[in-house]
Amino acid sequence: LLALQGRIQNEKNQEQIGRVEEVLCEGPSRSEPAMATGRTLGMRVVNFAPPSGRGPNELEGRFIPVRITEATSFALKGELALL
């Protein structure tokens, strides 16, 4: 059952690639402290690089437009997007 759920979640996350999502930044990523982490309005976890010269802590509590570039069953990865 867990394997099925993982496969379904991966498929759903793959559909997000290429989309721009508003991400509420929660601060630095636990696994990669130089990266920022946050959540979409749909509560999906997104990791992204902060703008050059700024750290993830400076973005905490802000909504950031992020273009989704990669997906796994657990999280999304993206880059800053200009709207």
Side-chain angles (χ1 to χ4, degrees):
L1 188 56
L2 289 174
L4 175 61
Q5 177 58 40
R7 192 169 65 246
I8 291 169
Q9 190 62 42
N10 186 47
E11 289 172 10
K12 294 281 190 186
N13 283 348
Q14 292 293 324
E15 293 172 1
Q16 300 301 309
I17 293 175
R19 292 187 180 179
V20 175
E21 295 280 347
E22 287 293 316
V23 175
L24 176 60
C25 184
E26 297 175 344
S29 167
R30 283 183 271 169
S31 61
E32 296 180 65
M35 297 284 281
T37 191
R39 293 183 185 269
T40 67
L41 295 176
M43 298 304 292
R44 287 188 169 105
V45 174
V46 180
N47 295 303
F48 60 97
S52 59
R54 299 186 75 180
N57 289 327
E58 295 177 61
L59 302 176
E60 193 171 338
R62 295 176 188 237
F63 282 97
I64 310 294
V66 177
R67 182 177 319 282
I68 306 305
T69 58
E70 297 177 40
T72 67
S73 56
F74 299 107
L76 303 169
K77 191 170 184 178
E79 59 191 18
L80 295 178
L82 298 175
L83 295 177

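Below, all heavy atoms of this structure are taken into account, side chains as well, without hydrogens, waters or symmetry copies. Positions are given from 1, in the same order as the sequence printed here. Note that the structure is a prediction, hence the values are computed from the model and not measured.
Taking both residues in full, the closest heavy atoms of N10 and T72 are given as OD1-C, 3.4 Å, listed atom of the first, atom of the second, then distance. Of all the heavy atoms in N47 and A75, the pair that sits closest is ND2-CB, 4.2 Å. Of all heavy-atom pairs between P56 and A34, the closest is CG-O, 3.9 Å.
Atoms CG and CG, from L24 and L59 in turn, are 11.0 Å apart once rounded to the nearest 0.5 Å. A distance of 11.0 Å separates CD in E60 from OG1 in T37, rounded to the nearest 0.5 Å. Atoms CG and CZ, from L76 and R67 in turn, are 14.0 Å apart once rounded to the nearest 0.5 Å. Taken to the nearest 0.5 Å, the CD1 atom of I68 stands 13.0 Å off from the CD atom of E15.
At least one donor-acceptor pair closer than 3.5 Å links the side chain of E58 to the backbone N or O of G55. Judged by distance alone, with hydrogens and angles left aside, the side-chain atoms of T69 form a donor-acceptor pair with the main-chain N or O of K77 at under 3.5 Å. Judged by distance alone, with hydrogens and angles left aside, the side-chain atoms of Q14 form a donor-acceptor pair with the main-chain N or O of A71 at under 3.5 Å.
For the pair R44 and E21, the minimum side-chain heavy-atom distance is 4.5 Å or more. Within the 4.5 Å cutoff, the side chain of L80 has heavy atoms near those of the I64 side chain. Within the 4.5 Å cutoff, no side-chain heavy atoms of F74 are placed close to those of V45. With a 4.5 Å cut-off on side-chain heavy atoms, M35 and P28 do not count as touching.
I17 and V46 fall within the same hydrophobic cluster, defined by Ile, Leu, Val, Met, Phe, Trp and Tyr side-chain heavy atoms under 4.5 Å apart, directly or through other members.
The environment of R62 atom CZ is sparse: at most 12 non-hydrogen atoms of other residues, nucleotides or ligands sit within 6.0 angstrom.
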